[in-house]
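Down below is the structure, laid out as structure tokens.
Quick note: residue numbers are just sequence positions, from 1. Indexing begins at 1, ligand by ligand and atom by atom, following the structure's order.
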Amino acid sequence: MKVLTFGTLKGGVGKTMLCFNIGGILAQLDNKVLIVDSDLQGNLTNNMGIDRTDPDLKTTYDIFNIDEPQPTPEQLVLHTPNKKIPNLDMIAGSIFLHKAELKMATVAGREQILKNYFEDHSEFFSRYDYILLDTNPSMSIVNQNAFLASDAVLLVSDVSMNALEGAQLFIALWEEARKRLRAPDNIRGFIINDFDSRNRLSADFLEFIKTSPDTADIRALMFDTIIPRNVRITESELAAVPISQYDIRSKGCEAIASLVDELAAKKIL
Ligand SMILES: Nc1ncnc2c1ncn2[C@@H]1O[C@H](COP(=O)(O)OP(=O)(O)O)[C@@H](O)[C@H]1O
Ligand SMILES: [Mg+2]
């Protein structure tokens, strides 16, 4: 079992998209995959076609809600919520995660609740080949739980200086937090998404990362695979299926599949 988290401090760059589609590809390759929505916006949960207004729905909030006993994984994990994607299970996200933040603020070991949950139920979770976590752009306690529980954190950026700065700020903040937590360095990659080859700004951005003295940290983490802007990706999200099922021959799918290959070659998967 390997735990991977997509993160950065900028929104709208493709974290959820990659979590959903990499999860889909890995599941299609016959791996047992669990995706976990740690973003209170719940986009990943929506992508899986889950009704978040269902009052009985158990979510990540129930892991972090220290006022109640935690649910068992059997109660929490949704098995194949999207019938089109066998092998893909999910823990849904919840708007109530913001309440968990407040409740956890003064509790000892607050950053380790998720890691402990995986460990306490290791028999259940070890049945998965991969657990992929989606986060929102913040260094919230919920997110620190995700990063701490991860074998690898993958930074995602679109083609913008704000996204690049968001990734660098993430590196600085997580470095500080994880040292305090005595956790090893687990940032293992920087993924460039939404690359538009017809736009000179995209090429300039890549050139900047490859040459600037200020981006050595990012360069060291950067994947060779670059994910293009591709309308089939947007369409597949609307159709609530991973791109690998929506259009396997699209440029977007080819790129994400080659990113999966690169992750495997680098032993991150
Ligand atoms: N490479 C891409 N090509 C086309 N649309 C994309 C691409 N990457 C992301 N999108 C779309 O952009 C929007 C934002 O992506 P999302 O994954 O939700 O960002 P984040 O989770 O980082 O906030 C989504 O609607 C998504 O479908
Ligand atoms: Mg998202």
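- Sparse packing is recorded around CZ of F96, with 12 or fewer heavy atoms of other residues, nucleotides or ligands lying under 6.0 Å away.
- Listed by chain and number, residues touching ligand 1 at under 4.0 Å (heavy atoms only) are G11, G12, V13, G14, K15, T16, M17, N193, D194, P228, R229, N230, I233, T234, E237.
- Around the Mg ion (ligand 2), the protein N, O or S atoms closer than 2.8 Å are T16 OG1, listed by chain and residue number.
- Side-chain contact check for N186 and S150: no donor-acceptor pair (N or O, by modelled atom type) lies under 3.5 Å.
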**Candidate pair I187 and D185, rule side-chain contact (heavy atoms from CB on, under 4.5 Å), full reasoning** = CA-CA 6 Å; I187 300 180; D185 182 7; 4.0 Å; yes
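- In the displayed structure, K103 atom NZ is contacted under 6.0 Å by more than 12 heavy atoms of other residues, nucleotides or ligands.
- Remark: side-chain polar atoms of T72 are paired, donor with acceptor, to backbone N or O of Q75 under 3.5 angstrom.
- Using modelled atom types, one finds a donor on one side chain and an acceptor on the other under 3.5 Å when comparing N136 with S138.
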**Request:** Evaluate the criterion ring-ring contact (aromatic ring centres under 6.0 Å, His included) for residue pair F170 and F147; output intermediate values, then yes/no.
**Result:** CA-CA 11 Å; F170 180 101; F147 306 136; 4.8 Å; yes
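- Of the inter-residue distances, the one linking N21 atom CG with I227 atom CD1 reads 9.5 Å to the nearest 0.5 angstrom.
- Taking the six-membered ring for Trp and the full ring otherwise, the centers of F118 and F124 sit at least 6.0 Å from each other.
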